[in-house]
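Taking it in order: structure first as structure tokens, then the write-up.
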Amino acid sequence: MTRSAGLRFRQALAKAKPLQIVGTTNAYFALMAEQSGVQALYLSGAGVANASYGLPDLGMTSMNDVLIDAGRITSATELPLLVDIDTGWGGAFNIARTIKEFEKAGVAAVHMEDQVSQKRCGHRPNKAVVSTEEMVDRIKAAVDARTDENFVIMARTDAVAVEGLDAGIERAQAYIEAGADMIFAEALTELDQYRRFKAAVNAPILANMTEFGKTELFNKEQLAEAGADMVLYPLSTFRAANLAALKVMQALMADGHQRNVVGAMQTREELYKFLGYHHYETKLDELFSQK
Ligand SMILES: C[C@](O)(C(=O)O)[C@H](CC(=O)O)C(=O)O
Ligand SMILES: [Mg+2]
């Protein structure tokens, strides 16, 4: 694969209207996504905190925590990966380091938000944002640090829920002016708000379709029509897998066996198919064939 990860993301975006970006909390989910026709992957900050550390999404995970999970996914698949880097984890030099490390890890794109470092989930109350100037400095530091010009730096604004739509749009304009490539318009409540962002900001717009949040679960046609270029499903597979796992745990405790839930499990055969298990096994047999 000679094309850079960033270029692969941009090419996937150019081909799809809108590009559906699917959250995969681990490398195996990434393999399933790749073999299900998904064209771009996402590593959620909430997903890393929740799944890998058992923590809430409140800015408690560090750059290295996210980098480890990102590297696992980029090692397993060629699909371009968008990673949630929260606020970039610090001042200008920290942000520069973050960009360099994620680019080196084979990540295609990152999104960095304008919340204060003690951040919250974008769909929760009582968020606070830094000044436009401070976020512009974050973006400048990020853009200056990238070595691949195709590496995507997406600016996320959480300001709409805090300061209103007009302020959010003004910020997005300033962030693009500062060098951001794309805009993540967080926690919008109406389709028309995407339309307003798109009309005012000359850059690709991402719509976050996270479940149980502030945004209605619009379909991709509705979002494309409203001007969204990318649709994100950050935690959909994680939430579904969590419920499936919980039901198995409860059945094991209630029934003393798993026979009632085996039908809800992915079979060994399916697992091996996604892993390419037999290919590895054949290789092993060839390498160490018994005489
Ligand atoms: C996209 C997000 O930043 C994430 O970390 O996945 C979250 C998703 C969520 O908590 O539902 C967010 O929207 O803040
Ligand atoms: Mg997040």
Side-chain angles (χ1 to χ4, degrees), residues 18-26 29-30 33 38 40-63 65-70 73 81-90 95 98 102 107-130 135 138 142 152-162 168 172 180 182-189 193-194 197 205-218 223 228-243:
L19 178 64
Q20 293 176 282
I21 307 174
V22 178
T24 49
T25 37
N26 61 54
F29 277 21
V38 172
L41 303 178
Y42 181 64
L43 181 62
S44 152
V48 173
N50 304 166
S52 296
Y53 294 91
L55 289 171
D57 181 24
L58 289 167
M60 296 160 80
T61 40
S62 68
M63 175 185 79
D65 296 334
V66 180
L67 197 54
I68 290 168
D69 285 2
I73 292 173
L81 176 68
L82 166 66
V83 177
D84 178 355
I85 61 165
D86 288 346
T87 59
W89 297 294
I95 290 169
T98 298
F102 280 84
V107 166
V110 291
H111 70 72
M112 182 170 63
E113 69 210 27
D114 55 11
Q115 288 199 51
V116 296
S117 63
Q118 202 63 68
K119 60 139 300 156
R120 299 180 184 222
C121 160
H123 292 254
R124 299 291 304 159
N126 302 324
K127 291 191 291 184
V129 289
V130 297
M135 180 60 180
R138 284 182 188 171
V152 175
I153 293 166
M154 187 185 294
R156 161 169 150 177
T157 183
D158 281 75
V160 174
V162 185
M182 304 180 188
I183 293 292
F184 179 149
E186 177 65 314
L188 303 192
T189 49
Q193 297 179 330
Y194 294 104
F197 261 90
I205 305 286
L206 178 140
N208 179 10
M209 290 300 108
T210 194
E211 300 84 5
F212 317 110
K214 286 188 185 302
T215 314
E216 198 183 310
L217 302 181
F218 301 113
L223 289 162
D229 303 275
M230 294 161 278
V231 184
L232 179 65
Y233 313 96
L235 293 162
S236 311
T237 63
F238 174 64
R239 295 190 212 284
N242 292 348
L243 183 58

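Just so you know, residue 1 is the first one in the sequence shown, and it goes up from there. Start at 1 and go down the list; that is how both ligands and their atoms are numbered.
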(request) Starting from atom 13 (O) of ligand 1, find the nearest protein heavy-atom neighbour and note its residue, name and distance. (result) E186 OE2, 2.5 Å
(message) Quick check: G122 and ligand 1, any N/O pair under 3.5 Å apart?
(response) yes
(request) Just say parallel, tilted or perpendicular for the rings of F218 and Y194, cut-offs at 30° and 60°. (result) perpendicular
(message) When you compare ligand 1 with H111, is there at least one nitrogen or oxygen pair between them that comes in under 3.5 angstrom?
(response) no
(request) Considering the heavy atoms of T210, write down every atom of ligand 1 situated less than 4.0 Å from one of them. (result) 8 (C), 9 (C), 11 (O)
(message) Taking the side chain as everything from C-beta on, heavy atoms only, tell me whether V22 gets closer than 4.5 Å to T237.
(response) yes
(message) What I'd like to find out is whether the side chain of E113 reaches to under 4.5 Å of the side chain of D84, using heavy atoms alone.
(response) yes
(message) With heavy-atom distances below 4.0 Å as the criterion, list the atoms of ligand 1 near A46.
(response) 4 (C), 5 (O)
(message) Ignoring hydrogens, what is the shortest heavy-atom contact between A185 and I205? Give both atom names and the distance.
(response) CB-CG2, 4.5 Å
(request) Return the residue, atom name and 0.1 Å-rounded distance of the protein heavy atom closest to atom 1 (C) of ligand 1. (result) Y42 OH, 3.5 Å
(message) Any atom of ligand 1 sitting under 4.0 Å from a heavy atom of K119?
(response) no
(message) Given S44, G213, C121, G47, identify the one with the heavy atom nearest to atom 4 (C) of ligand 1.
(response) S44
(message) Tell me the closest heavy-atom pair linking A70 and F102, and the distance in Å.
(response) CB-CE2, 4.0 Å
(request) Record the part of R239 in heavy-atom contact with ligand 1 below 4.0 Å; permitted values are side chain, backbone, both and neither. (result) side chain
(message) Considering both backbone and side-chain atoms of E211, is one of its nitrogen or oxygen atoms within less than 3.5 Å of a nitrogen or oxygen in ligand 1?
(response) no
(request) Return a yes/no value for P234: is any of its N or O atoms, backbone included, closer than 3.5 angstrom to an N or O of ligand 1? (result) no
(request) Note the single closest protein heavy atom to atom 7 (C) of ligand 1, along with its residue, its atom name and the distance in Å. (result) D57 OD2, 4.3 Å
(request) Please work out which of K127, R156, K214 has its closest non-hydrogen atom nearest to atom 3 (O) of ligand 1. (result) R156
(request) Output yes if D84 passes the N/O/S-under-2.8 Å test against the Mg ion (ligand 2); output no otherwise. (result) yes
(request) Check each heavy atom of Q115 against ligand 1 and say whether those closer than 4.0 Å belong to the side chain, the backbone, both or neither. (result) neither
(message) Considering both backbone and side-chain atoms of R120, is one of its nitrogen or oxygen atoms within less than 3.5 Å of a nitrogen or oxygen in ligand 1?
(response) no
(message) To the nearest 0.5 Å, what is the distance between CG on L206 and CG on L19?
(response) 9.0 Å
